[in-house]
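In what follows, a single structure is set out as structure tokens and then discussed.
Throughout, protein chains are lettered first and strands after them, A, B, ... in sequence-line order, and every chain is numbered starting at 1.
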Number of protein chains: 2
Amino acid sequence: MSVPLDRNTGRGLAYELVERLKARILAGEIRPGEKLPTESSLIEEFGVSRTVVREAVSQLQAAGLVETFQGRGSFVLAVPASTAFTVEATQIRTHRDVLDMLDFRIGVESEAAGLAAERRTELQLKAVERALVDLTSPGGQPGNAVEADFRFHLKVALASGNRFYSDLLASFGPMMIMLPRTRLEHTYTVSDATHLTRVTLEHENVYRAIADRDGAAARAAMRLHLANSRARLQAP
Amino acid sequence: MSVPLDRNTGRGLAYELVERLKARILAGEIRPGEKLPTESSLIEEFGVSRTVVREAVSQLQAAGLVETFQGRGSFVLAVPASTAFTVEATQIRTHRDVLDMLDFRIGVESEAAGLAAERRTELQLKAVERALVDLTSPGGQPGNAVEADFRFHLKVALASGNRFYSDLLASFGPMMIMLPRTRLEHTYTVSDATHLTRVTLEHENVYRAIADRDGAAARAAMRLHLANSRARLQAP
DNA sequence: ATGCCTCACTCGTCTGACAAGTTTGATCCC
DNA sequence: GGGATCAAACTTGTCAGACGAGTGAGGCAT
């Protein structure tokens, strides 16, 4: 272990260190969600100064490979799926991005739900209802659940009759429900029954308000649902 | 010159500096091939230590925006000029599109204003204030007014600290303020003094709520402003 | 058992210093 | 004058030490 850095490549020690760490991550030696060695460890292992280590980690950060938290350390993010998943998949990576996305969805979707309640047609309501049933029926795999969740939110947006809302949600795709790999496992798979019933209840509240043509209730219900989702993630 | 860095964004000084420099490059203030200010200059201009400056430049390097040579300096590379949001610049043509757009903006911008009130930094508030002044000063042509109006709304979104809001507004551009040609003359140019003062007042209300850190008031003020704009168009 | 609090650990920033590469300009020689 | 030479100034690269700020674990009192 711990081969010292080659000091004669002409591109700088920080560059060398970045390459080493990148290789480790891409090779899976440090898996997504795991912690990068501390700065002190890297200083010892590679025999360089803290300046170099910090610059290297800083570049990994800029490259979207790790996310750093003061007082805790740097954590490896999901490896950019080389299969060209979607361009947008690279947009939500860090923990902060997820929280920001939920704040964004609060603004967009609560108003969309309100408009949906006020302007929906019977047909649109039926579509929302179908999505809700798909979501609550215990039929599918976890992957299917994300898909169904997204479809419910999309149908609500469609019921608003405003193409800007529905187009925006459609452009996000199911990705908007997805969560970062870092501590996702910890918070989402631990979804005990309590979690699921609570989320289901929140969805039903949104649906009922739309069915009742109660705009204010629909806005509140959707805001509550998303704010709760955000809270469920923020302090695991 | 040289506005000092905002030390309260919670993402670190280096991050702030990166954003500043990135903005300069993207805005074309430093053209491809030109030299970035030296580290010493940046230290002086932004009042930070060399550590921060070096990390920032290092990140620009990782992002592929600059290339650095020992003993010479950092030079700006070609600009990719890509926007995060791929929301197509959907044309707003029909009268209904305009109303839908305003309904959409109600959802997006009222929440953005609320978040801005709750999370803004002093620097962001100053930016909003400047935009407001530009808007109220009777200096410019009508075209300039649209531009200034847009800038105000964008600065509010930026003050939310959530890139999804600001990216979305930025992707729309001043176009989102524009109105259909059909009855534009009728509704906007006939804008007697009453109209203008009323709109100005609405903007000021938004600003004041953000300054007071009153999230609920900011949401209400922005919603009112956009709802009024909608009403001013709906039944002229 | 619970809640609070201290303390060690980690990252964020600052300061000062020296090494290594580049540019500039004065100097010297022709 | 023109060209080669070289020292000094400037720029980036690296090192070392220090302190502040946020986090988390373990101990302590209740």
Side-chain angles (χ1 to χ4, degrees), chain A residues 4-21 30 33-63 65-77 94-96 99 182-183 186-187 233-236, chain B residues 4-21 30 33-63 65-77 119 121:
Chain A
L5 287 184
D6 188 344
R7 299 177 109 84
N8 298 322
T9 58
R11 299 221 235 181
L13 285 172
Y15 175 87
E16 279 301 306
L17 185 48
V18 166
E19 289 306 307
R20 292 285 197 98
L21 293 176
I30 316 178
E34 284 183 10
K35 191 166 159 302
L36 217 62
T38 67
E39 293 179 355
S40 327
S41 311
L42 295 174
I43 289 172
E44 265 197 45
E45 179 177 356
F46 293 100
V48 294
S49 76
R50 202 175 157 212
T51 309
V52 173
V53 170
R54 282 195 58 79
E55 271 190 38
V57 175
S58 176
Q59 295 204 24
L60 291 179
Q61 221 178 315
L65 283 154
V66 307
E67 184 177 17
T68 301
F69 301 91
Q70 182 173 0
R72 289 171 52 199
S74 295
F75 297 83
V76 175
L77 295 173
T94 70
H95 189 219
R96 168 153 195 147
L99 297 181
T182 55
R183 40 189 63 210
H186 197 46
T187 45
L233 282 168
Q234 190 166 25
Chain B
L5 283 186
D6 191 336
R7 298 174 113 84
N8 299 320
T9 59
R11 298 213 235 189
L13 284 172
Y15 176 86
E16 277 300 305
L17 185 49
V18 166
E19 289 304 307
R20 293 283 196 99
L21 294 176
I30 315 176
E34 284 184 10
K35 190 167 159 301
L36 217 62
T38 67
E39 294 179 355
S40 327
S41 312
L42 295 174
I43 289 171
E44 263 197 47
E45 179 177 354
F46 294 101
V48 295
S49 75
R50 203 176 156 212
T51 309
V52 173
V53 169
R54 283 194 57 79
E55 268 190 40
V57 174
S58 175
Q59 295 204 23
L60 291 179
Q61 221 178 315
L65 272 82
V66 306
E67 187 174 12
T68 302
F69 303 92
Q70 184 173 359
R72 289 172 54 198
S74 296
F75 297 83
V76 175
L77 296 174
R119 303 177 184 173
T121 67

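Of all heavy-atom pairs between B/V48 and B/L13, the closest is CG1-CD1, 4.2 Å.
Summarising the geometry, the separation between CZ on B/F75 and C1' on C/dT23 is reported as 11 Å, rounded to the nearest angstrom. The nearest whole Å value for the distance from the CG atom in B/L17 to the C1' atom in C/dC14 is 15 Å. B/Y15 has its OH atom 18 Å from the C1' atom of C/dC11, to the nearest Å. Taking atom CD of B/E16 as the reference point, atom P of C/dG12 lies 15 Å away to the nearest angstrom. We find that CZ of A/F46 is positioned 17 Å from C1' of D/dT14, with the value rounded to whole Å. The distance between atom CD of A/E67 and atom P of D/dT23, rounded to the nearest whole Å, is 13 Å.
Rounded to the nearest 0.5 angstrom, B/L77 CG and B/L60 CG are separated by 10.5 Å. Note that CD of A/Q61 is 8.0 Å distant from CD of B/E55, once rounded to the nearest 0.5 Å.
B/S49 has a side-chain polar atom (N or O) that falls below the 4.0 Å cut-off from OP1 or OP2 of C/dC14.
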With a cut-off of 3.5 Å and sequence neighbours excluded, list every side-chain donor-acceptor pair involving residues 66-73 of chain B.
from, atom 1, to, atom 2, distance (Å)
B/T68, OG1, B/S74, OG, 2.8

Donor-acceptor contacts under 3.5 Å from residues 36-44 of chain A side chains, at least two apart:
from, atom 1, to, atom 2, distance (Å)
A/T38, OG1, A/S41, N, 3.2
A/T38, OG1, A/S41, OG, 2.8
A/E39, OE1, A/R50, NE, 2.6
A/E39, OE1, A/R50, NH2, 2.9
A/E39, OE2, A/R54, NH1, 2.8

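A/Q59 meets the side chain to side chain donor-acceptor pair (under 3.5 Å) test with B/S58; sequence neighbours excluded.
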Take nucleotides 7-13 of chain D nucleotide by nucleotide from the 5' end and write B, S or -, depending on whether a protein heavy atom sits under 4.0 Å from the base, only from the sugar-phosphate, or from neither. ----BBB
